[in-house]
2 protein chains.
Amino acid sequence: MPNQARPGTGEQAKQLALGQLRQAILRGDMAPAQRLVENELAEQFGVTRASIRAALIDLEAQGLVERIRNRGSRVRVVTVEEAVAITECRLVLEGLCAAKAAAAVDDGQVARLQDLGTAMRKAVAAGEPLTYSDLNHELHTRIREFSGQRTAVELLERLNAQLVRHRFQLALRPGRPQQSLNEHLAMIEAIGARDPQAAEEAVRAHLTSVIEALRD
Amino acid sequence: MPNQARPGTGEQAKQLALGQLRQAILRGDMAPAQRLVENELAEQFGVTRASIRAALIDLEAQGLVERIRNRGSRVRVVTVEEAVAITECRLVLEGLCAAKAAAAVDDGQVARLQDLGTAMRKAVAAGEPLTYSDLNHELHTRIREFSGQRTAVELLERLNAQLVRHRFQLALRPGRPQQSLNEHLAMIEAIGARDPQAAEEAVRAHLTSVIEALRD
DNA sequence: CCGGACGAAATTGTCAACAATTTTGTTGGC
DNA sequence: GCCAACAAAATTGTTGACAATTTCGTCCGG
């Protein structure tokens, strides 16, 4: 009963466990395919097994862990093939978002995207792949946000969470940022021009290139 | 996805509760926005609250129920706007599946689709909108299946589950089957011709028409 | 030496009681 | 008569113990 993590305040146990576990997986603290024993996790996070269990069910639905009846949970390993299939889904969904965004953005939002574009240029010129990767992620997030497509955004966040490991791998590949940069700038330009079809095409071209890069 | 709807056999309590509750919601037995009290459900299905609770968490992740902290669960109501947004996601994802299917089907699968096409023709001619609706659903399912895109299929099943109510409403609209039929036949033809781009275009045209029909 | 049956350990699934929270109905003051 | 504080009821969140299932090591027979 000594609840180490503030018993009364704010977050409830399940949400807390969910957040911590999710972060741990996304951060890579948990090795791929690592077994997730409910008792261990419960002790580690200072919550009870029921909370961990609820969190695991949630994470299974998000595709981050795999659960087998009476056999336990493990962090899901995303093969390259799966990563490609996931990115194909991203391709069409982000294409949709880009088209909708191009039709809906206001001037301030366009300026925001262009700022991101110059920042990305700088990051590539300075040879900082990690900064570039972050900006990359933020650009995609902003476009989704500006599209106002709540359903699509939800699906995409689910999909993206499954790709963290692959994203890292991709970002550190030499020469990759240069190619990626041009594609991103094209996306920004198309949206800035309020051209839905061009925006969708640009996103598709970009993610097609990502798929090719993934296949090595 | 571990849920094919067999609520009879030696399933475990949570899976049983999940199946029954899911069916009840999809079947429309639960009124929209109806409150789902854990105790009542537990008694109704003859399982304990813990199982119901686990099932509810699952259903929340599937987008079928809404849960608010300390306030309980309710069957989620999908507004027309949301239905449109969901169908827009279906549009791009099913387009992807159709393109992949067109590139991957074998002769037997094509024959299967064409059989469905003639059955649909017959159902429309006979004025049986319910039969037609079922065939419609099966056609979409088969195309997804033949595409081999596991990730996309998973997303689409999630999305479709949220639309049951609207699908019913749409199927019974006079004149709708006729228009829908032609679009479906075009999809079948494009896939039979192994033309990915035409298949994607046909699916997009069909679902665009569905979106327009939804907006009344 | 190998294969299958048996049993113990580990792990998840289920249960009923308890605590915390929100909602609702009521009472008192203005 | 209306609003706020308060108390009671309903409902969800949490806890620890118990049951069912699977896994793994061991032993026996061939």
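Hydrogens, waters and symmetry mates are skipped; everything else that's a heavy atom, side chains included, is used. Order of the sequence lines sets the chain letters (A, B, ...), proteins ahead of strands, with each chain counted from 1.
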(request) Give the nucleotide from the list D/dT23, D/dG13, D/dT11 with an atom nearest to the side chain of B/Glu38. (result) D/dG13
(message) Ignoring hydrogens, what is the shortest heavy-atom contact between A/Leu170 and A/Ala213? Give both atom names and the distance.
(response) CD1-CB, 3.9 Å
(request) Send over the distance from A/Leu56 CG to C/dT11 C1', rounded to a whole Å. (result) 13 Å
(request) When you get a sec, tell me which of C/dT14, D/dT12, C/dT11 is the closest nucleotide to the side chain of B/Val37? (result) D/dT12
(request) Please report the shortest heavy-atom distance between B/Leu91 and B/Leu207, naming the atom on each side. (result) CA-CD1, 3.4 Å
(request) Establish, with yes or no, whether the OP1 or OP2 oxygen of D/dT23 is under 4.0 angstrom from a side-chain nitrogen or oxygen of A/Arg69. (result) no
(request) Kindly write out the residues that satisfy side-chain contact (heavy atoms from CB on, under 4.5 Å) with A/Pro129, not counting sequence neighbours, or none if the list is empty. (result) A/Leu172
(message) From CG of B/Leu18 over to P of C/dG13, roughly how many Å is that when rounded to an integer?
(response) 13 Å
(request) Go through the structure and list residues passing salt bridge (Lys or Arg N to Asp or Glu O under 4.0 Å) with B/Glu88, not counting sequence neighbours. (result) A/Lys100
(message) Between the side chains of B/Asp107 and B/Arg194, is the shortest nitrogen-to-carboxylate-oxygen separation below 4.0 Å, so that they form an ion pair?
(response) yes
(request) Give one of base, sugar-phosphate or nothing for A/Ile68, where a contact means two heavy atoms less than 4.0 Å apart. (result) nothing
(request) For C/dT23, take OP1 and OP2 only and decide whether either is under 4.0 Å from a side-chain N or O of B/Arg71. (result) yes
(message) Can you measure B/Asn39 atom CG to D/dG13 atom P for me and round it to whole angstrom units?
(response) 12 Å
(request) Kindly indicate, with the supporting measurements, whether the criterion side-chain hydrogen bond (donor to acceptor under 3.5 Å, both in side chains) is fulfilled by A/Glu183 and A/Ser209. (result) CA-CA 9 Å; A/Glu183 298 162 2; A/Ser209 140; 2.9 Å; yes
(message) Using whole Å, what does the distance between atom C1' of nucleotide D/dA9 and atom CG of B/Asn70 come to?
(response) 15 Å
(request) Check DNA chain C against residues 40-52 of chain B and give the residues with a non-hydrogen atom under 4.0 Å, in numerical order. (result) B/Thr48, B/Ala50, B/Ser51
(message) Checking contacts here: which listed nucleotide (C/dT21, C/dT14, C/dG13) is nearest the side-chain heavy atoms of B/Ala13?
(response) C/dT14
(request) Would you check if there is a donor-acceptor pair between the side chains of B/Tyr132 and B/His184 at a distance under 3.5 Å? (result) yes
(request) To the nearest Å, give me how far apart NZ (B/Lys14) and P (C/dC15) are. (result) 14 Å
(request) Figure out the CG/P separation between A/Leu36 and C/dA10, and round it to whole Å. (result) 19 Å
